[in-house]
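Written out below as C-alpha cells is the structure these notes cover.
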Amino acid sequence: MTILVTGAAGFIGSNFVLDWCQQYTEEVVSLDLLTYAGNLENLSSLNASPNHHFIHGNIGDRELVSQLLKKYQVRAVVNFAAETHVDRSIHEPSDFIETNIVGTYNLLESVRSYWGDLDEMHKKDFRLLHVSTDEVYGSLSKTDRAFNETNSYKPNSPYSASKAASDHLVRAWHQTYGLPILTTNCSNNYGPYHFPEKLIPLCILNALNGKQLPIYGDGQQTRDWLYVKDHCSAIRRVLEKGKLGETYNVGGWNEKANLDVVKTLCSILDELKPKADSTKYESQITYVKDRPGHDRRYAIDATKLERELGWKPEETFETGIRKTVEWYLANEAWVNHVVSGDYKNWVQKQYA
Ligand code: NAD
Ligand code: DAU
C-alpha cells in the first residue's frame with residue numbers, strides 16, 4: 001500500500017516526503033501542480049528511489065486523483081496542496097478560492113468515492129489528513145491565551161478564509177459521510193526549501209544580497225515558529241495515532257515578534273558570514289507599509305497533541321533558526337535556481 005502526498009513539491013510537503021522516504025520503505029506518490037511555489041528540485045534526491053513516484057497534476061482533477069488512488073492502492077492521503085502566501089491572497093484571491101476551497105472539495109469527493117469502494121478492513125484503516133493553519137483562528141490580543149482546538153474560526157485574510165473553508169468542508173465530509181479524516185492546524189514553519197517570498201528566507205537572502213529587510217508596520221506582530229521537520233513529525237504522529245474526526249493544533253511554544261526574528265537572523269549571519277565592509281546586517285532593516293488586515297498575534301497551544309499523542313518538537317527556535325541559516329548558506333545552487341526563477345527549467349534539463 002501507498003500514501004499519496006499532495007503539494008509534495010512545496011516547502012512542507014517536500015520536507016515531509018523526504019523524511020518519510022528516509023524512515024519507511026512504503027511507497028509514496030507525490031502529486032503537485034508545480035505552481036510558482038512547487039519545485040521538483042526539492043525532491044531530486046529521490047530520483048533514483050523505486051518507492052517514490054512524482055505525478056504532475058491538480059488535486060481538483062477528479063479523474064487523475066481517482067486513478068492514482070486505485071492504481072497505487074492508497075491507504076492514506078496527506079493534503080498539503082494549497083496557495084499559501086497571505087500577501088498574494090490579498091493581491092489576487094482567485095487561485096486561493098480555486099485550489100484551497102474548490103480543489104479541496106474535489107479531492108474530498110475523489111477520496112470519498114475511492115474509500116466507499118474499499119473492503120471493510122481497508123475502509124477502517126484509511127485516513128485523509130488535511131494540513132491546515134493557525135491563521136483560521138484570527139488574531140489574538142496581547143493577553144489572550146494561545147489558540148487551542150476549541151477556539152472559534154475568525155479568519156481575516158483571503159488566504160486564511162480559504163483555509164477555514166477547506167477545514168469546514170473536511171469536517172463536514174466526516175460528519176456527513178463518515179470519511180475518516182484528521183485535521184492539523186499548525187503555526188508558522190521555517191527551515192530548508194522555504195520559498196523566499198516568506199519572511200525568514202526572504203530576509204536571509206536579502207541580507208546576503210545587500211538588499212533591504214522589509215519589516216511591515218512596527219514589526220511587533222508575533223508569530224509562533226516551528227521548525228518544519230517538527231511539523232512533519234507531528235503529522236506522522238497524527239496520521240498514526242490521531243482520533244478520527246479530530247483536529248490537532250501543532251506548535252512549538254516559540255512566539256516571537258517579527259523584528260526579533262529578523263534581528264536574530266542578522267546576528268547569526270554576522271557570525272557565519274560577516275560582511276566584507278564590517279557593517280552589521282541589521283543596518284539593512286527597513287520599515288515598510290503594513291500588510292492590510294495584518295493579524296497582530298498568533299500563538300498555538302499544542303497541549304492536546306502533546307498529551308494525547310505524546311508528540312514533542314525536537315528543535316527550539318534557537319537551534320532551528322541556526323540550522324536554517326546554515327542550510328541557506330550551504331545550498332547556493334538551490335537558492336540561485338529559485339531566485340533566478342529558473343528552477344523549473346533547471347529541473348527539466350536535469351531530469352528530462
Ligand atoms: P507552499 O506554497 O510552499 O507549497 C504548496 C504546494 O502546493 C506547491 O508545491 C504547489 O505547487 C502545490 N499546489 C498548489 N496548488 C495545487 C493544486 N491545485 N494541486 C496540486 N498541487 C498544488 O506551501 P507550504 O508552506 O509548504 O504549505 C503546505 C500546506 O501547509 C498548506 O496547506 C498550508 O496552508 C499549510 N501550512 C503552512 C504553514 C507554513 O508556515 N508554511 C503553516 C501551517 C500550515
Ligand atoms: O501561521 C501559519 C501561516 O504562516 C501559514 O498558514 C502561511 O501559509 C504562511 O505563509 C505563514 O503566514 P504569515 O503571513 O505569517 O507568513 P509570512 O512569512 O508571509 O509573514 C510572517 C510575518 O512577517 C507576518 O507578520 C508578516 C511579516 N512580514 C512578512 C514579509 C514577507 C514582514 O514584516 N515583511 C515581509 O517582507
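Because the structure is a prediction, the values reported are computed rather than measured. Heads up: numbering here begins at 1 and tracks the sequence. Remember, it's 1-based here, ligands and their atoms both numbered in the order they're listed.
In this structure, atom 5 (C) of ligand 2 lies nearest to the protein heavy atom Tyr159 OH, 3.6 Å. The nearest heavy-atom contact from the protein to atom 34 (N) of ligand 2 is Pro214 O, 2.8 Å. Taking atom 18 (O) of ligand 2 as the reference point, the nearest protein heavy-atom neighbour is Leu199 N, 2.8 Å. Shortest contact from atom 20 (O) of ligand 2 to any protein heavy atom: Arg291 NH2, 3.9 Å. In this structure, atom 29 (C) of ligand 2 lies nearest to the protein heavy atom Tyr216 CE1, 3.5 Å. Remark: minimum distance from atom 24 (C) of ligand 2 to any protein heavy atom is reached at His294 NE2, 3.4 Å. Atom 11 (O) of ligand 1 has Asp32 OD1, 2.5 Å as its closest protein atom, hydrogens excluded (heavy atom only). Shortest contact from atom 9 (C) of ligand 2 to any protein heavy atom: Thr84 O, 3.9 Å. Counting only heavy atoms of the protein, atom 13 (P) of ligand 2 lies nearest to Glu135 OE2, 3.5 Å.
Taking 4.5 Å as the limit, every side-chain heavy atom of Lys256 sits out of range of all side-chain heavy atoms of Lys263.
Between His294 and Tyr216, the two ring planes are perpendicular [angle over 60°; tilted spans 30° to 60°]. Classification of the Tyr298-Phe147 ring pair by plane angle, with boundaries at 30° and 60°, yields tilted. In this pair, Tyr72 and His53 present their aromatic rings tilted. The plane angle is within the 30 to 60° band.
Near Cys186, with a cut-off below 4.0 Å to any heavy atom, the atoms of ligand 1 are 42 (C), 43 (C). Annotation for ligand 1: atoms under 4.0 Å from non-hydrogen atoms of Asn188 are 40 (O). Close approach to Ala9 involves these atoms of ligand 1, each under 4.0 Å from a residue heavy atom: 9 (O). Of all atoms in ligand 1, numbered sequentially from 1 with element shown, those under 4.0 Å from a heavy atom of Gly57 are 19 (N), 20 (C).
With atom 22 (C) of ligand 2 as the reference point, the heavy atom nearest to it among Leu202, Thr222, Asn258, Asn188 is part of Asn258. The option with the heavy atom closest to atom 14 (C) of ligand 1, from among Gly10, Gly60, Ala82, is Ala82. Taking each of Asn189, Ile235, Asn185, Leu33 in turn, the one with a heavy atom nearest to atom 21 (N) of ligand 1 proves to be Leu33.
With a heavy-atom cut-off of 4.0 Å, Thr6 does not touch ligand 1 at all. Contacts between Lys163 and ligand 1 below 4.0 angstrom, taking non-hydrogen atoms only, involve the side chain exclusively. Neither the backbone nor the side chain of Ala8 has any atom closer than 4.0 Å to an atom of ligand 1 (non-hydrogen atoms only). Proximity of Tyr159 to ligand 1, defined as any heavy-atom pair under 4.0 Å, is confined to the side chain (atoms from C-beta onward). The proximity of Thr99 to ligand 1, defined as any non-hydrogen pair under 4.0 Å, is limited to the side chain. When non-hydrogen atoms are compared, ligand 2 lies under 4.0 Å from the backbone of Glu197 (N, CA, C, O) but not from its side chain.
In this model, a donor atom of one side chain and an acceptor atom of the other lie less than 3.5 Å apart for His130 and Ser166. No donor-acceptor contact under 3.5 angstrom links the side chains of Asn254 and Tyr190, judged on distance only. Looking at Asn42 and Trp334, their side chains do bring a donor and an acceptor atom within 3.5 Å of each other.
Of the possible polar contacts, one joining the Lys304 side chain to the Thr247 backbone as a donor-acceptor pair under 3.5 Å is found.
Electrostatic pairing of Asp218 and Arg296 counts as a salt bridge here, judged by a charged N lying under 4.0 Å from a carboxylate O.
Aromatic rings from His168 and Tyr153 are positioned such that their centres are separated by under 6.0 Å.
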